[in-house]
Amino acid sequence: MRHETIRKPSLSEFPVAPNLRDWAAERKTFSWDAIAKECRGLPGGGLNKGFECIDRHVLEGRGGKTALRWESKEGTIETFTFAQAKEATDRIGNLLRGLGVARGDRIFVFLERVPELYWTVFGTLKAGGVAGPLFSAFGPEAIRDRVADSEAKVLVTSTTLIDRVREIRNELPALQHVLVTNRARVPFFPQAGESSFEEAYGRASAAFEIEPTRPEDFSIMHYTSGTTGKPKGAVHWHRAILGQRHTARVCLDLHPEDVYWCTADPGWVTGTSYGMFGPWSLGVTQVVYEGPFDAERWYSVLERHGVTVWYSAPTAIRMLMKAGKEAASKSDLSRVRFCASVGEPLNPEAIVWAQDALGKTFHDNWWQTETGCIQISNYAAMDVRPGSMGRPIPGTEAAVIDASGKEVPAGQEGDLALKPGWPSMYRTYWKKKELYDSRFKNGWYITGDRAWKDEDGYFWFVGRADDVIKTAGHLVGPFEVESALVEHPAVAEAAVIGKPDPERYEIIKAFVSLRAGCVPSDALKAEIANFVRNRLAAHAYPREIEFLPGLPKTRSGKIMRRLLKARELGLPEGDTSTLEE
Ligand code: ATP
Ligand code: MG
C-alpha cells in the first residue's frame, strides 16, 4: 500500500534555508573537485581526516567553539571545544608514536561511548594509524576475530571491559600494547603488555606534528554488521572525508550553528562517518549520549542539549513507537528541525507515526559500511515518499540493473548498483581482496541489495539479494510484507523468510512480535495473515506466522533473517558474533 507523499513547504517557508534546494540542478553542476577544494589539506601537503575535523577549526579561529557535548549514563555533562579536542588528540598522537606506531598500523579501540573513544580515533588518524572502533557490547570472541584479523598493534580499552580482552589476549600475537582507561576509578593491576592510558596521556607532550598522510592512505576500518554472514573488514582512506563532508551537508542538512546528535555507536560505520567525520569536518557541535536506548531519556537528551538535527535508525524509531506518544510529550522537542534514519528499511508506518506523535518527518537514507557515506537520500527540501530511500546524492550514479549489468526500466526490480569512483568508496575488504573484486561487475559496484526505481527517480528497497523470496513463480521482497505486517495494530515487529515448500518452491513465513497487551492466538494469526493479504497481492501474504517474544537482531539493531531461516531449517547458525543478547 502506498502512503501519501509528505509535501515540503516552498523554499522561502523553511525555518533555515536547506543546503540542497534543487536536487536535479545540483546533480548536474556538482563536482567532487569543488568539495576537495573545501578541504584545507595539511599545511605541508597531504590530507588527514584528523586535521580536517579538528585542527583546521583551531587554525581558522574556531578553537573556542564546542565540538562535543557528552552526557554520561549517570547524567553528568562534559563539554570540549575544538581547541581542547586538538590538545587531547595531539597528546594521544604523541603517546601512540611513543609506542612505535607508524603509518598504516592498526589501532583498535574497545571503549564505551566516552570522550576518550573519540579522541583516540582522531589521535590515531593524526599519527597516521588506521583506527578500528569496536562496539563495547562485544564479547571476547567478537573482539578476538576482529583484532586478530586486522593484526592490530595497539588496543585501547577500559578497566570495565578489560576482562573480556584478557580472556583472549594470548590469541592475539600481533597485539603489542593494551592501554587501559579508568573512568570508573577502580583499582587497576596491569598484566603483561597492559598499561594505564591516563598515565601515558599525562606524560605525553601536546606539541605534535600530524603525520603527512596522503589522500589514499588508509584511515579507518569497520567490520560490517554481520546481517548476512561473517563480518568483513571494510577499509577506507583519508579521501573518504570528501564524501562524508558533502553528504553531512546535503543529506543531513547540517549548518555550522546546528547541534547534532547521531545515536549510532562508533563501532558501526554510521557512528564514525556521521558521529565523527562529516559533522566535525563542517565544524558542527555534536552531542554524544553514553547510555543505551531509553525512550524518555532520549527525548530528554534532545531537549537538554537543544538538538536541532537528529540521525537515528529504524530499530530505535520502532522502540519509540512501542514506548508511545506520552513518552515524547514530557520533553520539548521544538528545536529539532531535521530527522534522518539509516541502517534498515524504514517502514512507512514509522514515518507516519513520527509525524503524528512527534510532529517530525524522518528522512530515510541508504548506504553501507562499504560505501563510506550516504548514497541515496530523502533531502530536507524534497517531498518524502514514505517507504522510499530517496534519490541518489549529487556525485553518485546509482542504478537498478539486471544480471548483465543493464539498467532495467522504471518500476522493475533488480540489483541496486553504484558506479565506482565516489571518494568514500571502500578500498578493500581487509585480507579479502578476492571478495572485494567480486563485488565489481560490468563496470558497477553491486551492493547486494535489491531495489526498484520509480518514474521520478526515487529508489525503493526490496530486500537483501539473499533474503528475496521466490514463491509460486513470484519474487517477493521481505520489506514490503514486513511493512504491511507492522501496520496491523497488534504487531510491534516482523521479519519474513522464504520457507522451502514442495508446491510453491517457497512459502512466506512471518515471525512476529506483538505489542504489549496483545495475546497470541490462532485467531490472531489468521487475522494478521488476512490483513496482509488484503493490502498486498494474494501471493505475498504469510502462509505461516509464528509469534516470538522478540526478533534476533545484530548489535547495531538489524533484524537477522538469516538466523531465523537457519533455525527454521535446522541449519548451522553461522557467525553470531554480532547477535544482540
Ligand atoms: P553484512 O554486510 O555483514 O551482512 P550489513 O550489510 O547489515 O551486514 P552494514 O554495512 O551495516 O552491514 O549495512 C548496510 C546494509 O543495511 C545495506 O546494504 C542495506 O541492506 C541495509 N540498509 C541500510 N540503510 C538502509 C535503508 N535506508 N533502507 C533499506 N536498507 C538499508
Ligand atoms: Mg552488507
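When a ligand or atom number is given, it counts from 1 through the structure's own listing order. For reference, positions follow the sequence shown, starting with 1. Not measured: the values here are computed from a predicted model.
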Query - atom 6 (O) of ligand 1: the protein heavy-atom neighbour that sits closest, reported with distance to 0.1 Å - result: R464 NH1, 2.7 Å

Report summary line: Residue, atom and distance of the protein heavy atom nearest atom 26 (C) of ligand 1 read E344 O, 3.3 Å

**Report entry** Nearest-neighbour protein heavy atom for atom 29 (C) of ligand 1, which is reported as residue plus atom name and distance
**Finding:** P345 N, 3.2 Å

Query raised in the report: Any idea which atoms of ligand 1 are less than 4.0 Å away from a heavy-atom of N365?
Result: 24 (N), 26 (C), 27 (N)

Query raised in the report: Non-hydrogen atoms of L346 versus ligand 1: any pair closer than 4.0 Å?
Result: no

Query raised in the report: Taking only residues two or more places apart in sequence, or in another chain, which ones meet F30 in a ring-ring contact (aromatic ring centres under 6.0 Å, His included)?
Result: W32, H246

Report task. May I ask you to test the P394-R27 pair for a side-chain heavy-atom distance under 4.5 Å? Result -> yes

Query raised in the report: Do any nitrogen or oxygen atoms of T369 come within less than 3.5 Å of a nitrogen or oxygen of ligand 1?
Result: yes

Report summary line: min-distance protein heavy atom vs atom 17 (C) of ligand 1 -> D449 OD2, 3.2 Å

Query - Close approach, T447 and ligand 1, non-hydrogen under 4.0 angstrom - result: no

Report task. Mark up the atoms of ligand 1 that fall under 4.0 Å of a heavy atom belonging to K232, in ascending order. Result -> 1 (P), 2 (O), 3 (O)

Query raised in the report: Identify the closest protein heavy atom to atom 7 (O) of ligand 1: which residue and atom is it, and at what distance?
Result: T227 OG1, 2.4 Å

**Report entry** Lys/Arg cation over aromatic F138: R146, 6.0 Å, 45° cone
**Finding:** yes

**Report entry** Donor-acceptor contact present, side-chain K431 to main-chain D149, <3.5 Å
**Finding:** yes

Requested in this report: Determine the interplanar angle of the W298 and W310 rings, folded into 0 to 90°, and report it as parallel if under 30°, tilted if 30 to 60°, perpendicular if over 60°.
Outcome: perpendicular

**Report entry** Separation between CG of L252 and CG of L20, rounded to the nearest 0.5 Å
**Finding:** 12.0 Å

Report summary line: of all protein heavy atoms, closest to atom 22 (N) of ligand 1 is G343 O, 3.3 Å

**Report entry** Atom NZ of K441 with >12 non-hydrogen neighbours under 6.0 angstrom
**Finding:** no

Query raised in the report: Is the closest N or O pair between G226 and ligand 1 shorter than 3.5 Å?
Result: yes

Report summary line: Checking heavy atoms under 4.0 Å, the part of W367 that sits near ligand 1 is backbone

**Report entry** 4.0 Å heavy-atom contact, K230 with ligand 1
**Finding:** no

Report task. For the residue pair D383 and Y458, establish whether any side-chain heavy-atom pair is separated by less than 4.5 Å. Result -> yes

Query raised in the report: Looking only at heavy atoms, is any part of T554 under 4.0 Å from ligand 1, and if so is it the side chain, the backbone, or both, or is it neither?
Result: neither

Query raised in the report: Atoms of ligand 1 less than 4.0 Å from K558 heavy atoms?
Result: 7 (O), 9 (P), 11 (O), 12 (O), 13 (O), 14 (C), 15 (C), 16 (O)

Report task. Please work out whether any backbone atom (N, CA, C, O) or any side-chain heavy atom from C-beta onward of W366 is under 4.0 Å from ligand 1, and answer side chain, backbone, both or neither. Result -> both

Report task. Indicate yes or no for a side-chain donor-acceptor contact from D356 to the backbone of G359 under 3.5 Å, with no hydrogens or angles considered. Result -> no

**Report entry** Donor + acceptor pair across side chains of Y436, E370 (<3.5 Å)
**Finding:** no

Requested in this report: Determine, for W460 and K453, whether the Lys NZ or Arg CZ falls below 6.0 Å from the six-membered ring centre while staying within 45 degrees of the axis.
Outcome: no

Report summary line: Near V342 (heavy-atom distance under 4.0 Å), the atoms of ligand 1 are 24 (N)

**Report entry** Closest protein heavy atom (residue, atom, distance) for atom 11 (O) of ligand 1
**Finding:** S225 OG, 2.7 Å

Query raised in the report: Can you tell me if T396 uses its side chain to pair, donor with acceptor, with the backbone of I393 under 3.5 Å?
Result: no

Report task. Around atom 4 (O) of ligand 1, find the nearest protein heavy atom and jot down its residue, atom name and distance. Result -> T228 OG1, 2.4 Å

